[in-house]
Asks: 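Can you read through this structure? Questions will come right after.
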Amino acid sequence: MRTIDWADGAIELIDQTLLPGELVIRRVTTLGELIDDIQRLAVRGAPALGVAGALGVALLAHEGDPPEAVRRHAARLRAARPTAVNLAWGVDRALARLGDGPAAVLAEALAIRDQDISACVAMGARGADLIRGMLDAHDDDDGLGYVDGFGHADDPGEAGASGRGRPARVMTVCNTGGLAAVERGTALGVVQTLHERGQLELAYALETRPLLQGARLTAWELERMGAPYRLLVDSAGAFLLSQGIADVVLIGADRIAANGDTANKVGSYALALAARAAHVPFLVVAPESTIDPSTRSGKDIEIEDRGADEVVRFAGVRVAPEGAQAVNPAFDVTPAKLITAIVTERRVIRCHRGEWPI
Ligand code: MRU
């Protein structure tokens, strides 16, 4: 099953606002519908947005408008959500083929789709290998030292089970699975690969307020995988890390700046601080397309503000008193210094002498 695809002259996408209750495939035939679906998070997650952006340009190109009109409309699509660089990247890649005709634009969009599918397979394997290596290195250590970020500041206690080859306990936030990409995910793709290899003890998924991508979408995907997991309220993550319940924190990314600072779902930064305090490695898993060398640092990343409504209401019902105001950044930025490594489909990037070889 694909989260987003092209079929018979239109975009087809899973309406993620209806999950886990209903699995509905929407057929999108106009740019207005696509922008609306992106903004209300019917389609979401950086890699899926990259494909949506490119397929959106293919839709425009097939309408037969002159190239200037296609470019003008595509600018609206490009700006539909500002933080995930993949949306603009997908739009630009497809636009670059406009001069070659609609078939070439569509071919480019489908190439982005296919590259995402293989990139997620590669990230899953690379991330799972990295975690296996880190866990084994830690468990080979006789407990006297601190190896590669694994290990606990104080006493690992019962939760810090040891033994070479033991399965991993991972914590993650938001949804970074197949729903955030095309078929398999990024950070959740690593969890899936660990599970398929019989190397996953337990995944801890943060519910991800306010829109519950963790509780609704990640839990739905973990159920379908048959992977063992527990849901947590977001505010439980830090404490449970301090108790040694996870070996590693895995997140996806919406934009990785040239210095390694990483924008991802709000709550990621708090988790990174807690992981550092608990001496738990913090891994970012994202395709190369999420790396944006033209953004110098996290300070230059625009953070989407989604307005008060999502906070003062829960599932459409007002929970805060009338008149309550709210602040609702959809993302935050984790400084590179809190990141152990960035895993892409091509490489594992680590800080080297204070620099990130992005
Ligand atoms: O607001 P969302 O649901 O689009 O936020 C998604 C995330 O923050 C993901 O972690 C990120 O896009 C990476 S998805 C593989």
Side-chain angles (χ1 to χ4, degrees), residues 3-4 13-17 19 37-53 80-90 115-117 119-124 127 170-193 205-221 234 249-256 262-272 282-292 298 301-307 310-311 328-334 339 342-345:
T3 298
I4 181 163
L13 53 89
I14 295 177
D15 185 341
Q16 299 186 34
T17 64
L19 286 171
D37 281 354
I38 289 172
Q39 290 179 333
R40 68 188 184 87
L41 309 197
V43 59
R44 46 148 298 282
L49 289 175
V51 178
R81 291 193 78 192
T83 306
V85 69
N86 296 63
L87 176 59
W89 168 87
Q115 283 159 15
D116 178 74
I117 293 170
C120 285
V121 172
M123 277 180 273
V170 308
M171 187 178 286
T172 190
V173 62
C174 196
N175 172 265
T176 58
L179 289 169
V182 178
E183 277 184 2
R184 288 172 78 97
T186 59
L188 201 66
V190 174
V191 176
Q192 184 171 357
T193 305
L206 269 62
E207 64 174 356
T208 318
R209 276 282 289 149
L211 293 175
L212 301 180
Q213 289 93 327
R216 294 187 304 106
L217 308 177
T218 299
W220 184 77
E221 290 201 46
D234 298 340
V249 176
L250 292 168
I251 67 160
D254 287 88
R255 190 182 296 247
I256 299 171
T262 294
N264 190 52
K265 179 52 56 191
V266 67
S268 301
Y269 173 45
L271 215 48
F282 188 89
L283 303 182
V284 174
V285 186
E288 293 281 334
S289 53
T290 302
I291 297 175
D292 179 16
I301 300 177
E302 182 181 349
I303 298 296
E304 179 183 358
D305 174 354
R306 290 192 60 82
E310 291 174 351
V311 180
N328 187 16
F331 304 97
D332 60 25
V333 176
T334 299
I339 297 170
I342 298 171
V343 179
T344 79
E345 68 274 34

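Both ligands and their constituent atoms are indexed starting at 1 by order of listing. As the structure is a computational prediction, the values presented were derived from the model and not from experiment. Along the sequence shown, residues are numbered consecutively beginning with 1.
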Asks: Examine distances only and state if a side-chain atom of Arg306 and a backbone atom of Asn328 form a donor-acceptor pair shorter than 3.5 Å.
Replies: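 Not at all, since once roles are kept as given, no pair shorter than 3.5 Å links the two residues.
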Asks: Give me the pairs of N or O atoms, one from ligand 1 and one from the protein, that sit under 3.5 Å apart.
Replies:
unit_1: ligand 1; atom_1: 1 (O); unit_2: Arg81; atom_2: NH1; d: 3.4
unit_1: ligand 1; atom_1: 1 (O); unit_2: Arg81; atom_2: NH2; d: 2.8
unit_1: ligand 1; atom_1: 1 (O); unit_2: Lys265; atom_2: NZ; d: 2.8
unit_1: ligand 1; atom_1: 3 (O); unit_2: Arg44; atom_2: NE; d: 2.5
unit_1: ligand 1; atom_1: 3 (O); unit_2: Arg44; atom_2: NH2; d: 3.4
unit_1: ligand 1; atom_1: 3 (O); unit_2: Gln213; atom_2: NE2; d: 2.9
unit_1: ligand 1; atom_1: 4 (O); unit_2: Gly45; atom_2: N; d: 3.2
unit_1: ligand 1; atom_1: 4 (O); unit_2: Arg81; atom_2: NH1; d: 2.8
unit_1: ligand 1; atom_1: 8 (O); unit_2: Asp254; atom_2: OD1; d: 2.9
unit_1: ligand 1; atom_1: 8 (O); unit_2: Asn264; atom_2: OD1; d: 3.2
unit_1: ligand 1; atom_1: 8 (O); unit_2: Lys265; atom_2: N; d: 3.1
unit_1: ligand 1; atom_1: 10 (O); unit_2: Asn264; atom_2: OD1; d: 2.6
unit_1: ligand 1; atom_1: 12 (O); unit_2: Ala46; atom_2: N; d: 2.9
unit_1: ligand 1; atom_1: 12 (O); unit_2: Asp254; atom_2: OD1; d: 3.3
unit_1: ligand 1; atom_1: 12 (O); unit_2: Asp254; atom_2: OD2; d: 2.9

Asks: Is any side-chain heavy atom of Thr290 closer than 4.5 Å to one of Trp89?
Replies: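 The answer is no, as the side chains (C-beta and beyond) never meet within the 4.5 Å cut-off.
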Asks: Do any pairs count as a salt bridge (charged side-chain N to carboxylate O under 4.0 Å, His left out) and have a residue in residues 38-49, sequence neighbours left out, and if so which ones?
Replies: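 Qualifying pairs, neighbours excluded: Asp15-Arg40, Asp36-Arg40, Asp37-Arg40.
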Asks: Keeping Arg216 on the side-chain end and Leu211 on the backbone end, is there a donor-acceptor pair under 3.5 Å?
Replies: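 At least one qualifying donor-acceptor pair exists.
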Asks: Distance check, rounded to the nearest 0.5 Å: Asp116 atom CG versus Glu183 atom CD?
Replies: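 Here the interatomic distance stands at 9.0 Å.
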Asks: Please check: side-chain N/O of Arg255 versus main-chain N/O of Pro82, any donor-acceptor pairing under 3.5 Å?
Replies: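 Side chain of Arg255 to backbone of Pro82, a donor-acceptor pair under 3.5 Å: yes, one is there.
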